[in-house]
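Bear in mind the structure is a predicted one, so any value in this text is a computation, not a measurement. Just so we're on the same page: letters track the sequence lines, and every chain starts at 1.
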Number of protein chains: 2
Amino acid sequence: MVQYSKARLDASFAALSDATRRGVLEQLGRADASITDLAEKFHMTLTGMKKHVGVLEQAGLVTTEKVGRVRTCKLGVRRLEEEAAWIEAYRQLWDARFDELDKIVEELKRKEKDDGE
Amino acid sequence: MVQYSKARLDASFAALSDATRRGVLEQLGRADASITDLAEKFHMTLTGMKKHVGVLEQAGLVTTEKVGRVRTCKLGVRRLEEEAAWIEAYRQLWDARFDELDKIVEELKRKEKDDGE
DNA sequence: AGAATACTGAACCATTCGGTTCAGTGTCTA
DNA sequence: TAGACACTGAACCGAATGGTTCAGTATTCT
């Protein structure tokens, strides 16, 4: 399996493990938004939303820029490439594992039949 | 965007956000293992490992069966389909969003040029 | 200038997390 | 049957999470 950045996967999967933060990403996929916009949309205080945005920013999934008194949030540069790759590799492992188990079962069946005859 | 099970995504992304647990999944992709096996491999107490396995089991990523005194862990039925689907949908959103921004930039460039001439 | 807006940081709170130890319980094995 | 083995559950621990309030600061509007 390819070498993944442990800390990076930790951070982004953790970021994705909260429904509010996934919602923020979907929202930013539609349009950039200020902290106030997001806080209202998700029924939360400004401070609370700022923390969520901070988590997403740390994970590289969101970038923000403050102009005047408003901080605008937009999707970050990361497209979840590594996360998608990890999951894809896992799925292949899973398939291989179950194929293997199937073969073992087949083998057992064959032997059983041989023994029986 | 398709309807995903909020709680399920919460649980599985959270399960994946820990390097030890991702390691356990990779390990179980190679061979089934007892709690003792896994605890040794990841330098951790039995109790500690049992908790990790519990988290993975709750997320449906691992199943276990106790025979005699040993509990054998294997990959569960879930293949991270929903998680892969969420990420894929996000990536499409991301692409669409950046295409859109590109268009806006193009538009601005065009206007600028018109104004200049 | 004064009021309203938008954010920020510190402090606090309850809960969860990742890990441990310790004291069992049940299962093998000699 | 005694000892070793594999796990289990409860209790504890410090740190991180997800949220809040409160008291600022900086910016914008009137």
### Query
Near A:Glu88 CD, under 6.0 Å, is it more than 12 heavy atoms from other residues, nucleotides or ligands?
yes

### Query
What distance separates B:Arg8 CZ from B:Lys6 NZ, expressed to the nearest 0.5 Å?
14.5 Å

### Task
Could you check how far CD1 of A:Ile35 sits from C1' of C:dT5, rounded to whole Å?
14 Å

### Task
Assess whether side chain to side chain contact (heavy atoms under 4.5 Å, CB included) is satisfied between A:Thr20 and A:Met44, documenting all intermediate values.
CA-CA 10 Å; A:Thr20 300; A:Met44 185 175 300; 3.9 Å; yes

### Task
Taking only heavy atoms on the protein side, list every residue of residues 51-67 of chain A lying under 4.0 Å from any atom of DNA chain D, sorted numerically.
A:Lys51, A:His52

### Query
So, B:Thr64 versus B:Glu57: side-chain donor-acceptor pair below 3.5 Å or not?
yes

### Query
Side chains of A:Asp10 and B:Ser17: does their closest heavy-atom pair fall under 4.5 Å?
no

### Message
In the structure I gave you, are the side-chain heavy atoms of B:Lys50 and B:Thr45 within less than 4.5 Å of one another anywhere?
### Response
no

### Message
Between B:Glu81 and B:Trp86, do the side chains contain a donor N or O and an acceptor N or O under 3.5 Å apart?
### Response
no

### Query
Between A:Arg69 and A:Ala14, who's closer to the 5' end of DNA chain D by nearest nucleotide?
A:Ala14

### Task
Indicate, with a heavy-atom threshold strictly under 4.0 Å, whether B:Gly68 touches base, sugar-phosphate, or nothing.
sugar-phosphate

### Message
I need the CE-P distance between B:Met49 and D:dT8, as an integer number of Å.
### Response
13 Å

### Query
Applying the 4.5 Å side-chain criterion to the ILVMFWY set and letting contacts propagate, would A:Met49 and A:Val55 be lumped into a single cluster?
no

### Query
For the residue pair A:Phe13 and B:Phe13, does the interplanar ring angle fall in the parallel (under 30°), tilted (30 to 60°) or perpendicular (over 60°) class?
parallel

### Message
I need the residues from residues 15-23 of chain A with at least one non-hydrogen atom less than 4.0 Å from DNA chain D; give them sorted by number, or say none.
### Response
A:Asp18, A:Arg21

### Query
So do the side chains of A:Asp18 and A:His52 get within less than 4.5 Å of each other, counting heavy atoms only?
yes

### Message
Quick check on C:dT8: is either OP1 or OP2 less than 4.0 Å from any side-chain nitrogen or oxygen of A:Arg71?
### Response
yes

### Task
I would like to know whether B:Arg97 and A:Asp32 meet salt bridge (charged side-chain N to carboxylate O under 4.0 Å, His left out); could you show each step before the answer?
CA-CA 10 Å; B:Arg97 182 88 191 111; A:Asp32 297 350; 3.1 Å; yes

### Task
Answer with base, sugar-phosphate or nothing: what part of the nucleic acid does B:Leu46 contact at a heavy-atom distance below 4.0 Å?
base

Hey, what are the protein-to-nucleotides 23-25 of chain D N/O distances that come in under 3.5 Å?
none

#### Entry: Distance, rounded to the nearest Å, where B:Leu38 contributes CG and D:dA6 contributes C1'
13 Å

